[in-house]
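Quick one: structure below, then a few questions.
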Amino acid sequence: MMRPETEAELAELVAGAGGPLRVVGGGTRPIGAPVAGEALSVAGLAGVTLYEPGALTLVARAGTPLAEIEAALAAENQRLAFEPMDHRALLGTEGAPTVGGAVAVNASGPRRVQAGACRDALIGVRFVDGRGVAIKNGGRVMKNVTGYDLVKLMAGSHGTLGILSEVSLKVLPDVEAAATVTVSELDDARAVAAMAAGLGTPFEVSAAAHLPAPVAGTARTHFRLEGFGASVAYRAGRLCDALAPFGAAETETDAGRVADLWAGIRDVRPFAGSGGDVWRLSVKPSDAPGLVARLPEGARAIYDWGGGLVWAEVAPGTDLRAALGAFAGHATLIRAREATRAALPVFHPEPAPLAAIAKGLRAQFDPRGILNPGVMG
Amino acid sequence: MELPEPDPSILSKKDRVVERLREVMPARAVIDDPTETRAYECDALTAYRCAPMAAILPGSTEEVSAALRICHEEGVPVVPRGAGTSLAGGALPTADSVILGVARLNAVLETDYDNRIIRVQAGRTNLSVTGAVEEEGFFYAPDPSSQLACAISGNIAMNSGGAHCLKYGVTTNNLLGVTLVLMDGTVVELGGAHLDAAGYDWLGLICGSEGQLGVVTEATLRILPKPEGARPVLMGFDSSEVAGACVADIIKAGVLPVAIEFMDRPCIRATEAFAHAGYPDCEALLIVEVEGSPAEIDAQLSLITEIARRHDPVELRESGSDEESAKIWLGRKSAFGAMGQINDYMCLDGTIPVSALPLVLRRIGEMSTEYGLDVANVFHAGDGNMHPLILFDANKPGDLERCEAFGADILKLCVEVGGCLTGEHGVGIEKRDLMSTQFADADLDAQMRVKDVFDPGWLLNPAKVFPLAASAGRRTGRRAA
Ligand SMILES: Cc1cc2nc3c(=O)[nH]c(=O)nc-3n(C[C@H](O)[C@H](O)[C@H](O)COP(=O)(O)OP(=O)(O)OC[C@H]3O[C@@H](n4cnc5c(N)ncnc54)[C@H](O)[C@@H]3O)c2cc1C
C-alpha cells in the first residue's frame, strides 16, 4: 500500500501512478461500487495544523483521526456541529475514521436539520487531482466567496475528483446541557407531522428522529434540545406543549442517555449486524411515510432529519429503486454484498445532462480515470 | 480597470440576434434601443459603465432556455443580471453582450411550512421572500443589507451573506434546489425539497459562481421559524485589540450570538454626526445580539456583559426594550448612508482570521496616512468579514485610482494574514486581477476547468472572476474555434 507522508509525496505518487488507485483514509467507510486498484492510504498525512478556538476554526491534514480532532475540540469545549456518523458498526468495519474520509462522504449526523451538513462546516480544502497537481480552494476563514466553491464540490465526491490532503472546518461551541423530548406510539405519518410541528417551533430543535415499532418495539419520536441548562429546560417545556396534540411527551435530561440515544440514531445502530441491505433515502420529509409504505414486505425503516433522511433495511439483493418507482429525492445503497454493489448503481442515476457534466468534471480533474474509478458510477 | 474590447463580428450581427430573440419572447421584453439599454450599463460599482448590445427580460424558464440557445448558436456573450446591486461589477455588461435580466421572474411558486421550504422564481427580491412567509412565523435567514432590492438569483450567484450569518450561515447553507439553464439552453434541476442533493454537490458549486456556469431561474430555499425575540448589547473599548479579545472570549464561553458587529472611531464619528445614535466616542464599538425567550436573552446578555466587564469597557449598554434595541442598531444600520453623505466611498469586503484584527486595523491606519485617504471600518467581527470604507472624491482627478490602489493593498493584506479577497460581495471585475495574490495558477486553472465543462465556449459572463490574462485564451480561442 502506498502511504505518502506529505502532500508533495502524494502528488508525486499520483502523477507517477501507472493504473487505478483506491484511496483509503481510515478504511471505515467503504461506500460505493467496489474499486479495483492499488491502495493509496492518506493516513500518513496526519495532524491538526491550526486550531483557533476564538475564531471557531480548525485545519487538519486529511488523514488525521476524527478522534484526535474531537479530543482537541473537547479540550476547548467545542465540537464538530455536523456530528459525523461513525460507519463502523453499520458496515462492520474496523480502524480509525479520518477527517478526510468524513469529508469525502459528506458524513452528516442528526444535527443536519439545525447546524447543516459536513459540507456546510467545510471552509477550505487542499487536494491532489488525478494529474498529480496540488490544488487549494477556500481557506481558513468562514466568510469567503473568492472564486468558485470547489470546497463544497470536494465534499461528498468520494475521492473521484481529487485526493484530499488538508481540510479546514468551522467548529462550534459545545453545549452545557441537552435533553430528549419523546412522544410514543405514533404511526409514521403522525410522527412526521409531529416532527414538522416541532421543527416549526422557535425552540431550536437540534434533531428530530422517529423509530417505528419494528425497530424500537414501541414507536418513539424523539426531539433533541441543546444549550444552556435553564434554556434547555424552558424550551423542553414549551416543546412538550407544542407537541400536546400528538400525545403526552416525556423529557430525558440525563446527559449520558441523551448522548447515547442520538449517537445510536446517527450511526444507524438498530441495523448494525443485521443481515439485510441498507439504503439511505434523501426525500422531502412529508413524502417519507408514503415511500416507507412502499418498501418491500419485511423491510424496516428509521427516520432522521425530521423525515428527510430515511434509512431502509431490505432483503439482500433488493433493487430498492425499482421497488419504489420514481420519487423526488434520491437513494444510495450504503451496505450490501460486493456483488450487489457491483450490479446496482450505488448512487442514484442522474438525468443525462447532469451525468454528462459529472463525466466532464471527472475528465478535467482525473483525465486518466485513476481516482477511485467507478465508485460513483 | 481594463475591460475587454468588444468583438466587431458580434456587434455586426446585432440586428439578426435581436430579431431572433423577439421570436422567442414578447417583443417588449427585448430591449435594443440605446437610450433604453443604458439602464443596464452598470451595477452598484458605478465607476464602471458600458451599455450592452441588448437586454432581454424573459418571463419563464422556457424563454430563458430559448434565448440562451440563440445566443449560444450566434456566439454572443450573455451577462445575467438580478437587481444590479453587485458591488463588484458582477453584472457589468460588455458592449458585445446581451444582458439577461430576471426582473420579470418574481413569483412565489410554493410555500410549504411542513417541510420548511419556499420555492420562488429567481428574480424575487430577498426581503419579499421573508415577506411571503412571515405571517406564518417564518423567515428566510440570509439578509444582505441590500435585501430590499437584491434578487435571490444575485444572492445565489454571489453566495451573499448578511448580519445574521454567524448563526444561520450564508446563501449556500440555505439553498436546497435550483432550476438552472445552461448556456446551450439545456434545463437542469439541482436538488429540491430534500436536504442533501444527489451526486456531486452541484448546488454548492453553482452558489457563488457569479453567473458563469448557468442562469438560475427558480430556487428552493429553506425557511426557518422566527425566534421568540432578539436583543443587542452595545459595548465600547479603548482599543481594537481589547474589542477583538472580548469577541474571542464571548465565542469561547460557548455563547453563539446571531450577530457581532464592530465599528472603529472614524466610523462611529461619521455615523454619530449623521444618525445621532448616542454612541460613545471610543476606539472600538461592538454590537452583540442574541436570540431567544426574554429569560434566555437575559441569561445570555448577562454572561456576555460579564465577559465584557473583564475587558474594562468604556461603555456597556444592554437593551431592555425594542426601542433601546432600535437605537443601538440605528448607527450601525446607517453607517453606509452616513459615509455616502460625506464622501464617495469604496466598500471592500475582505475576510481575515479574527485574531489578525488588531494588526490589520493598524496597517490600514498606516496606509491611510500614506495614501492620504480616510478609511472607516465596519466589520462582522464574529466571522472576520471586514468592510473598510475608503473615502474619496470622484470629481477629483486621480482620486479613484488612488482609492483603488489603496483598496488593493488592503485586500492583499487580508490574504497575507491568512484571509481572502472577498467574504460576500464576490470577485466580479473589481477583484478579478487580484485573484493571483490569493491563488496559484493551478488553483485558478482548476476553477476555470469547471467553467470549461459547464460553458465550453466561455459565453456566460466571461470577463469576470479570473484575471483577464489568465482567461484570455479560453475566452477568445474557444469562441473562434
Ligand atoms: C448598499 C448595499 C449593501 C449591500 N450589502 C450586502 C451585504 O450585506 N451582504 C452581501 O453579501 N452583499 C451585499 N451587497 C452586494 C449585493 O447586494 C449582493 O451581491 C447581491 O446578492 C446582488 O444581487 P443582485 O440581484 O443585485 O445581483 P446583480 O448585481 O444583478 O448580479 C450579481 C451577480 O449575479 C449574477 N446573476 C444575477 N442573476 C443571475 C441569474 N439568474 N443566474 C445566474 N447568475 C445571475 C450576475 O451575473 C452577477 O455576476 C450590498 C450592495 C449594496 C449596494
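Computation of the quantities below employed the complete heavy-atom set of this structure, encompassing side-chain atoms and omitting hydrogens, waters and symmetry-equivalent molecules. A, B, ... follow the sequence lines: proteins, then strands. Residue 1 opens every chain. All values derive from a computational prediction rather than experimental measurement.
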Between A/Leu161, A/Asp287, A/Val192, A/Leu50, the one whose heavy-atom pairs under 4.5 Å with chain B are most numerous: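 Looking at each option in turn, the highest pair count goes to A/Leu161.
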
Euclidean distance, B/Asp196 CG relative to A/Thr332 OG1, rounded to 0.5 Å: 7.5 Å

N/O donor-acceptor pair under 3.5 Å between A/Thr146 side chain and B/Thr422 backbone: yes

Toward chain B, the part of A/Arg126 with a non-hydrogen atom under 4.5 Å: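 Neither part; nothing is under 4.5 Å.
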
Which of B/Gly137, B/Ser355, B/Ala245, B/Ala440 touches chain A most, by non-hydrogen pairs under 4.5 Å: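 So the answer, after comparing B/Gly137, B/Ser355, B/Ala245, B/Ala440, is B/Ser355.
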
Residue A/Lys170 versus chain B: region with a heavy atom under 4.5 Å: side chain

More than 12 heavy atoms from other groups under 6.0 Å of CG on B/Asp441: no

Leading residue by heavy atom contact count with chain A [cutoff under 4.5 Å; candidates B/Met435, B/Lys431, B/Gln438]: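 Maximum pair count with chain A is reached by B/Gln438.
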
Region of A/Pro351 that comes under 4.5 Å of a non-hydrogen atom in chain B: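 The answer is neither part of A/Pro351.
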
Check: B/Thr351/A/Asn144 side-chain N/O donor and acceptor closer than 3.5 Å: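 Note: B/Thr351 and A/Asn144 side chains miss the donor-acceptor criterion.
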
Non-hydrogen side-chain atoms of A/Leu354 and B/Leu190 separated by less than 4.5 Å: yes

Contacting region of B/Asn174 [heavy-atom separation from chain A under 4.5 Å]: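 No part of B/Asn174 comes within 4.5 Å of chain A.
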
Which atoms of A/Arg79 approach chain B - backbone, side chain, both or neither, heavy atom under 4.5 Å: neither

Region of B/Glu136 in contact with chain A, defined by heavy-atom distances below 4.5 Å: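 Interface part for B/Glu136: neither.
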
Any B/Met448 side-chain heavy atom under 4.5 Å of A/Tyr148 side chain: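 No; the side chains remain at least 4.5 Å from each other.
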
Engaged part of B/Val417 at the chain A interface, taking heavy atoms whose separation is under 4.5 Å: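 Contact with chain A is through the backbone of B/Val417 alone.
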
Residue pair A/Lys284 / B/Ala193: nearest heavy atoms and the distance that separates them: CD-CB, 3.4 Å

Within residues 293-303 of chain B, residues adjacent to chain A where the heavy-atom gap is under 4.5 Å: B/Ser293, B/Glu296, B/Leu303

A/Phe347 and B/Tyr200 aromatic centres sub-6.0 Å: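 Ring-ring flag for A/Phe347/B/Tyr200: false, centres at least 6.0 Å apart.
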
Heavy-atom pair count under 4.5 Å with chain B, highest-scoring of A/Arg235, A/Lys359, A/Glu76: A/Arg235

Contact class of B/Leu213 relative to chain A, heavy atoms under 4.5 angstrom: side chain

Between A/Gly308, A/Ala55, A/Ser157, the one whose heavy-atom pairs under 4.5 Å with chain B are most numerous: A/Ser157

Interchain contact, B/Arg222 with chain A, by part (heavy-atom threshold 4.5 Å): side chain

Qualifying salt bridge (charged side-chain N to carboxylate O under 4.0 Å, His left out) pairs, either residue in residues 133-146 of chain A, two or more places apart: A/Glu52-A/Arg140, A/Lys136-B/Asp443, A/Lys143-B/Asp383, A/Lys143-B/Glu424

Rounded distance (nearest 0.5 Å) linking atom OG1 of A/Thr201 with atom NZ of B/Lys226: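 That separation rounds to 14.5 Å.
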
Chain B contact via A/Ala134 - which portion, at a heavy-atom distance below 4.5 Å: backbone

Residue, of B/Ala198, B/Gly169, B/Ser209, that accumulates the most heavy atom pairs under 4.5 Å with chain A: B/Ala198

Interchain contact, B/Leu224 with chain A, by part (heavy-atom threshold 4.5 Å):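 Interface part for B/Leu224: neither.
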
Which atoms of A/Val283 approach chain B - backbone, side chain, both or neither, heavy atom under 4.5 Å: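 Contact with chain B is through the backbone of A/Val283 alone.
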
Closest-packed option against chain A by number of heavy-atom pairs under 4.5 Å, given B/Tyr168, B/Tyr113, B/Phe138, B/Phe454: B/Phe454

Interchain contact, B/Asp112 with chain A, by part (heavy-atom threshold 4.5 Å): side chain

B/Leu256 and A/Leu56, any side-chain heavy atoms less than 4.5 Å apart: yes

Top contributor to chain A interface from B/Gln212, B/His425, B/Met158 [non-hydrogen pairs under 4.5 Å]: B/Gln212

Under 4.5 Å from any heavy atom of chain B - which part of A/Asn77: neither

Distance-minimising heavy-atom pair for A/Ile135 and B/Ala442: CG1-O, 4.1 Å

Part of A/Val113 within contact of chain B (heavy atom distance under 4.5 Å): both

Beyond-backbone contact of A/Leu361 with B/Val450, side-chain heavy atoms, under 4.5 angstrom: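 Yes, at least one pair of side-chain atoms sits under 4.5 Å.
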
Rounded distance [0.5 Å steps], CE in A/Met142 versus NE2 in B/His380: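 A/Met142 CE to B/His380 NE2: 12.5 Å, rounded to 0.5 Å.
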
Close side-chain approach of A/Leu309 and B/Leu195, heavy atoms under 4.5 Å: no

Proximity breakdown for A/Ala358 and chain B, heavy-atom pairs closer than 4.5 Å: both

side-chain contact (heavy atoms from CB on, under 4.5 Å) assessment of B/Leu182 paired with A/Ile357: CA-CA 11 Å; B/Leu182 304 177; A/Ile357 294 177; 3.9 Å; yes

Option in B/Gly292, B/Gly418, B/Gly419, B/Gly191 with maximal non-hydrogen atom pairs under 4.5 Å from chain A: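 Heavy-atom pair counts peak at B/Gly418.
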
Taking every non-hydrogen atom, the tightest pair across A/Gly147 and B/Val427: N-CG2, 3.7 Å

Close side-chain approach of A/Asp149 to B/Leu205, heavy-atom, < 4.5 Å: no

Heavy-atom closest pair, residues B/Gly426 and A/Val145: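 So the two residues come closest at N-CG2, 3.5 Å.
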
Between A/His348, A/Met154, A/Glu350, A/Gln78, the one whose heavy-atom pairs under 4.5 Å with chain B are most numerous: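 Top option by heavy-atom pairs under 4.5 Å: A/Glu350.
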
Engaged part of B/Phe466 at the chain A interface, taking heavy atoms whose separation is under 4.5 Å: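 Side chain only.
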
Steps toward salt bridge (charged side-chain N to carboxylate O under 4.0 Å, His left out) verdict (A/Asp129, B/Arg449): CA-CA 12 Å; A/Asp129 77 2; B/Arg449 283 164 178 271; 5.6 Å; no

Nearest atoms (heavy-atom pairs only) where B/Pro227 meets A/Pro202: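 Closest approach of B/Pro227 to A/Pro202: CA-CB, 4.0 Å.
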
Please list every donor-acceptor pair under 3.5 Å in which a side-chain atom of residues 115-124 of chain A meets a protein atom from a residue at least two apart or in another chain.
{"from": "A/Arg119", "atom 1": "NE", "to": "B/Asp201", "atom 2": "OD2", "distance (Å)": "2.8"}
{"from": "A/Arg119", "atom 1": "NH1", "to": "B/Thr172", "atom 2": "O", "distance (Å)": "3.0"}
{"from": "A/Arg119", "atom 1": "NH2", "to": "B/Asp201", "atom 2": "OD1", "distance (Å)": "3.2"}
{"from": "A/Arg119", "atom 1": "NH2", "to": "B/Asp201", "atom 2": "OD2", "distance (Å)": "3.3"}
{"from": "A/Asp120", "atom 1": "OD1", "to": "B/Asn173", "atom 2": "ND2", "distance (Å)": "2.7"}
{"from": "A/Asp120", "atom 1": "OD2", "to": "A/Ala117", "atom 2": "N", "distance (Å)": "2.8"}

Main-chain N/O of B/His194 paired with A/Ser282 side-chain donor or acceptor, under 3.5 Å: no

Closest non-hydrogen atom pair, B/Val255 against A/Pro173: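 For B/Val255 and A/Pro173, the tightest heavy-atom pair comes out as O-CG, 4.4 Å.
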
Pairs meeting criterion salt bridge (charged side-chain N to carboxylate O under 4.0 Å, His left out) with involvement of residues 158-168 of chain B, two or more places apart: A/Glu204-B/Lys167, B/Lys167-B/Glu291

